[in-house]
Protein chains: 2
Amino acid sequence: MTQKHPDRVDESLIALRRILRATELYARDLAQAAGVTPAQLRVLQIVGEKKDPTAKTLATQMGVSQATVTALVDKLVARGLVTRLTSAQDRRQTNITLTTEGEDVLEEAPDALQQRYVRAFADLADWEQAQLVSSLERVAAMLNVDSLDAAPVLATGELRMSKKSY
Amino acid sequence: MTQKHPDRVDESLIALRRILRATELYARDLAQAAGVTPAQLRVLQIVGEKKDPTAKTLATQMGVSQATVTALVDKLVARGLVTRLTSAQDRRQTNITLTTEGEDVLEEAPDALQQRYVRAFADLADWEQAQLVSSLERVAAMLNVDSLDAAPVLATGELRMSKKSY
DNA sequence: TTAATTTGCTTTGAATATTGAAGTATCACC
DNA sequence: GGTGATACTTCAATATTCAAAGCAAATTAA
């Protein structure tokens, strides 16, 4: 502690917030351009990434309840973007799969933000790329993502320091 | 282009998404712990950061319409967490101000995620801190946040691992 | 000054999102 | 079998969100 540059933590937090804000704001425009709501697009994206996830998987990944996933999938099914498929192994489970139309929506989502990022990343020097990856992974680790995933409860009553001490 | 490590862009995107997911999921738990909804907490946070912002400022900052801000502020006013104050300079404007209760809610919001981040950041060596700040600011710049703010049409996007095209 | 326009905010109406609680069906285990 | 846990859905209630319309205040034009 007692670093030479105590304001660096603020600078990093500000940069982080800018990143978060940019991505959040863009997600809405992207969804609108794709013709679905943001939450629905998130479902499509996860279904596209993972292999025919179950409703449970979707709920966990998105951090919402199963009831919410049911409602979202209902909408997507009604629009013909995904289909429900009862699992053969465990017939309680429902696998969500993309239809051809659903794949089209995903493909045509003009992910300008990511494209811009990837282009800018490609223009960096090799060592700069390595540094960026290292830093981002370090931040992710500092946020302790895994333990948060495992224990979403710890939000409450945790040691809190008031404003000035973060 | 044609870097030695073409998969680094994927690594950086994955790390970015982990950061985004962790913060997004945590925001909900934080709001619940504070006894408000996520959107309402965002309003409280912005009101706490900026000095008595107008409804317009809130709408711009949050990326929602003014009508939405009106609805959110209505809820917070009903709960006694903020008050509306007609601006003296321009009586069309309404400044949103925190009440004592609103300040308490903000104070007691157990922002464990940020606390954890700040502690981990403080433990880094000086040069590591500098590198982290540099990297985060570079990412923010690569996302072209400023122009995105100005042109919400091509704004944001959730970072999604699309197959080949980016 | 008066009129027209713009700006900031609210209201209204309608769609979506979200969840807890309750209900149904299936699985795992003994 | 029977018991309990798991996966999902349904239902009821609240939240969020926005477009459109409306209102009041400020700004510009005439």
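The chains referred to below are lettered A, B, ... by the order of the sequence lines, with proteins before strands, and numbering in each begins at 1.
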*Is B:Glu24 salt-bridged to A:Arg42, going by a charged N under 4.0 Å from an acidic O?*
yes

*Give a yes or no on whether a salt bridge exists between B:Glu128 and A:Arg8, defined as a side-chain N under 4.0 angstrom from a carboxylate O.*
no

*Grab the CG-P distance between B:Asp29 and C:dT18 for me, whole Å please.*
14 Å

*At their closest point, which heavy atom of B:Val133 faces which heavy atom of A:Ser12, and how far apart are they?*
CG2-CB, 4.0 Å

*If you look at every strand shown and take non-hydrogen atoms under 4.0 Å, does A:Gln93 touch a base, only sugar-phosphate, or nothing?*
sugar-phosphate

_Please tell me if B:Arg42 has a side-chain N or O lying less than 4.0 Å from either OP1 or OP2 of D:dT17._
yes

*Give the rounded distance in Å between these two atoms: CG of B:Leu58 and P of C:dT10.*
11 Å

*asked:* Rounding to an integer number of Å, can you tell me how far A:Leu85 CG sits from D:dC8 C1'?
replied: 15 Å

*asked:* What's the closest nucleotide to the side chain of B:Gln66 if the choices are C:dC9, C:dT26, D:dT10?
replied: C:dC9

*Describe the nucleic acid contact of A:Ala67 in one word from base, sugar-phosphate, nothing, applying a heavy-atom distance below 4.0 Å.*
base

*More than 12 foreign heavy atoms under 6.0 Å from CD of B:Glu11: is that the case here?*
yes

*Taking NZ from B:Lys75 and P from C:dT18, how many angstroms apart are they, rounded to a whole number?*
15 Å

*Taking the side chain of A:Thr68 as heavy atoms from C-beta outward, which of C:dT16, D:dA7, C:dT19 is closest to it?*
C:dT19

*Contact class for A:Ser87 vs. all strands (heavy atom < 4.0 Å): base, sugar-phosphate, or nothing?*
nothing

*When we call it a touch if two heavy atoms are under 4.0 Å apart, what does A:Ala71 touch: a base, just sugar-phosphate, or nothing?*
base

*asked:* What is the separation between atom CD on B:Gln89 and atom P on C:dG8, rounded to the nearest whole Å?
replied: 14 Å

*asked:* Between C:dT7 and B:Arg92, counting only base atoms on the nucleotide and side-chain atoms on the residue, is there a donor-acceptor pair under 3.5 Å?
replied: yes

*Between A:Leu41 (CG) and D:dT17 (C1'), how many Å, whole number?*
17 Å

*For the side chain of B:Asp74, starting at C-beta, report the closest nucleotide among C:dC9, C:dT11, D:dA24.*
C:dT11

*Mapping A:Arg91 and B:Asn95 onto DNA chain C by nearest heavy atom, which one lands closer to the 5' end?*
B:Asn95

*Would you mind classifying the nucleic acid contact of B:Thr70 as base, sugar-phosphate or nothing, using non-hydrogen atoms under 4.0 angstrom?*
base

*Send over the distance from A:Arg28 CZ to D:dA19 C1', rounded to a whole Å.*
16 Å

*Mapping A:Leu72 and A:Ala88 to their closest nucleotides on DNA chain C, which lands nearer the 5' end?*
A:Leu72

*Length of the line joining B:Arg79:CZ and D:dT14:P, which is rounded to integer Å*: 14 Å

*Going by atom types alone, do B:Thr57 and B:Thr60 pair a side-chain donor with an acceptor below 3.5 Å?*
no

